[in-house]
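For reference, the structure discussed in these notes is given below.
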There are 2 protein chains.
Amino acid sequence: MYAPNILVCEDEERLRKIIVKYLINEGFHVMEAENGKKALDFFFEQSIDLIILDIMMPEYDGWSVCRSIRQESDVPIIMLTARSEESDRVFGFELGADDYVTKPFSMKELLMRVKALLKRSSNISQDERVIGNIKIDIKAHKVFIGGNEIDLSPKEYDLLIYLSQNKDLALMRENILDKVWGYDYYGDLRTVDTHVKRLRRKIQDSTAKIETVRGVGYRFEVKA
Amino acid sequence: MYAPNILVCEDEERLRKIIVKYLINEGFHVMEAENGKKALDFFFEQSIDLIILDIMMPEYDGWSVCRSIRQESDVPIIMLTARSEESDRVFGFELGADDYVTKPFSMKELLMRVKALLKRSSNISQDERVIGNIKIDIKAHKVFIGGNEIDLSPKEYDLLIYLSQNKDLALMRENILDKVWGYDYYGDLRTVDTHVKRLRRKIQDSTAKIETVRGVGYRFEVKA
DNA sequence: ATTTGCCTGTCACTTATTTGTCACAATAAA
DNA sequence: TTTATTGTGACAAATAAGTGACAGGCAAAT
């Protein structure tokens, strides 16, 4: 089994050591950086699978580091913050952070999130994605249900990709529109509904489904 | 301030009484079990915030109890053991214990660990919330009672979220209306009653309840 | 240039669910 | 008992989601 490389970027030494200890204990390879500059150096030299990133730091704060990395890579990023401000949270997600943990937190919680993100990204980065009996061959741009190829329009394909990246999460129409159509798309929210309808029809014989979450949007999941 | 419920499971009566005495002295609610079976009974009937669990016991040892509980819950567990074997320690953590205390230990040390664990678990994650045997998965927008998903309307869900954020507090209808319906909502106060009625019906099989506070409003709490 | 054949986004209409209010019953306090 | 407060069933209005239809867009083929 391949041990993922995790980069811990946190200026406060005591906390950093604790995090590192726990991660090593879980069998991860861990690299430490005590400021944003070193984190960036590390990141661009090494192959990193996940980054734990404090926001408040000397020499490039977490926001800057996050932004720089996001220009190059989709590596999962977990932000650590002292404040629990919702606005920070939102800002973090806009910059492309994948998750957000507020201090103080338990190691158990952090480990849970690390594992969850690694699991997801291991599903994503591969060029084959499996959801129930749906198989997506990213490189070939083909989709199969139980071995039989199905035919999707471009938008349907994009939508499916996005849904599969966010399996089991309730997704708002706004989000879907943002991510699939582009943040600058201005159009009817209900357009999403129509595309969901079309996609549903095409995957109806699969073991996956697009569940509607009333008042919110949709959730992609494997049938119970 | 809410007094956490602590379950002490230890067969040796003298030690158990001492632990209980100290915990009560610190203001905790304490329940006692002299063997693993009773501990499990307690746990699945009551709302327990933390468990102190001896390993060597008649009728289900600590390992078994820990395993059973972990299938249902993330409640903090502190294991007590006579041996200081590293292997036991590791085994304990693998089974999901949160902390580990070797006999003989000082009460001061045990209390410290209890408090540390409670502090952590009280601010665990924004995306999973546990109240008795109700589990709310915020990200997935799903609610479970003892592992079974239940179906809530949007308002019911919002109301439950708000109640769970303010567990054990008496909430006035005005407040609930403000926070759940929005400060600009003008409507009948008694609308809250109707929604409470509906939510009560859907969570009636859980270990949580919405208590009526006559003349004031409602209070969400775990059943005694 | 024109035709053909999808793809797409929007709209209108239908269907299903949710919601707020009311009237009356039940319950607790005085 | 009286009174105030809360519980509850019923129902109509409001909201949300599913869906078919359609017209414009776009690209490949003619």
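Computed from heavy atoms alone, side chains included, the values below leave out hydrogens, waters and symmetry copies. Residue numbers begin at 1 in each chain, while the letters A, B, ... track the order of the sequences. These numbers come from a predicted model, not from an experiment.
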**Request:** Could you work out which one of dT21(C), dC11(C), dG20(C) sits closest to the side chain of H195(B)?
**Result:** dG20(C)
**Message:** Using the side-chain heavy atoms of R201(A), tell me which of these nucleotides is nearest: dG9(D), dT19(C), dG20(D).
**Reply:** dG20(D)
Is any side-chain nitrogen or oxygen of [X] closer than 4.0 Å to OP1 or OP2 of [N]?
X       : N       : result
R198(A) : dA21(D) : no
Y218(B) : dG7(D)  : yes
T212(B) : dG7(D)  : yes
R214(B) : dG7(D)  : no
W181(B) : dT19(C) : no

**Prompt:** Side chains of T212(B) and R200(B): do they bring a donor and an acceptor to under 3.5 Å?
**Reply:** yes
**Request:** Spell out, as yes or no, whether a donor-acceptor pair under 3.5 Å connects the side chain of K37(B) to the backbone of Y60(B).
**Result:** no
**Prompt:** Is there a donor-acceptor contact under 3.5 Å from the side chain of K223(B) to the main chain of S206(B)?
**Reply:** yes
**Fill in**
Comparing nearest nucleotides in DNA chain D, the 5'-proximal residue of the pair R190(A), V213(B) is V213(B)
Between [N] atom [atom2] and [X] atom [atom1], what is the distance in whole Å?
X       : N       : atom1 : atom2 : value
R219(A) : dA17(D) : CZ    : P     : 13 Å
L189(B) : dC22(C) : CG    : P     : 13 Å
L199(B) : dG20(C) : CG    : P     : 14 Å
L177(A) : dG9(C)  : CG    : P     : 9 Å

Just to be sure I understand the rule, does [X] reach a base, reach only the sugar-phosphate, or reach nothing, if contact means heavy atoms closer than 4.0 Å?
X       : result
Y185(A) : sugar-phosphate
S153(A) : sugar-phosphate
T194(A) : base
K197(A) : base

**Request:** On the 0 to 90° scale, with breaks at 30° and 60°, tag the Y157(B)-H141(B) ring pair as parallel, tilted or perpendicular.
**Result:** parallel
**Request:** Specify the residue among K202(A) and T191(A) whose closest nucleotide of DNA chain C lies further upstream toward the 5′ end.
**Result:** K202(A)
**Asked** Any chance OH of Y185(B) has more than 12 other-residue heavy atoms, nucleotides or ligands included, within less than 6.0 Å?
**Response** yes
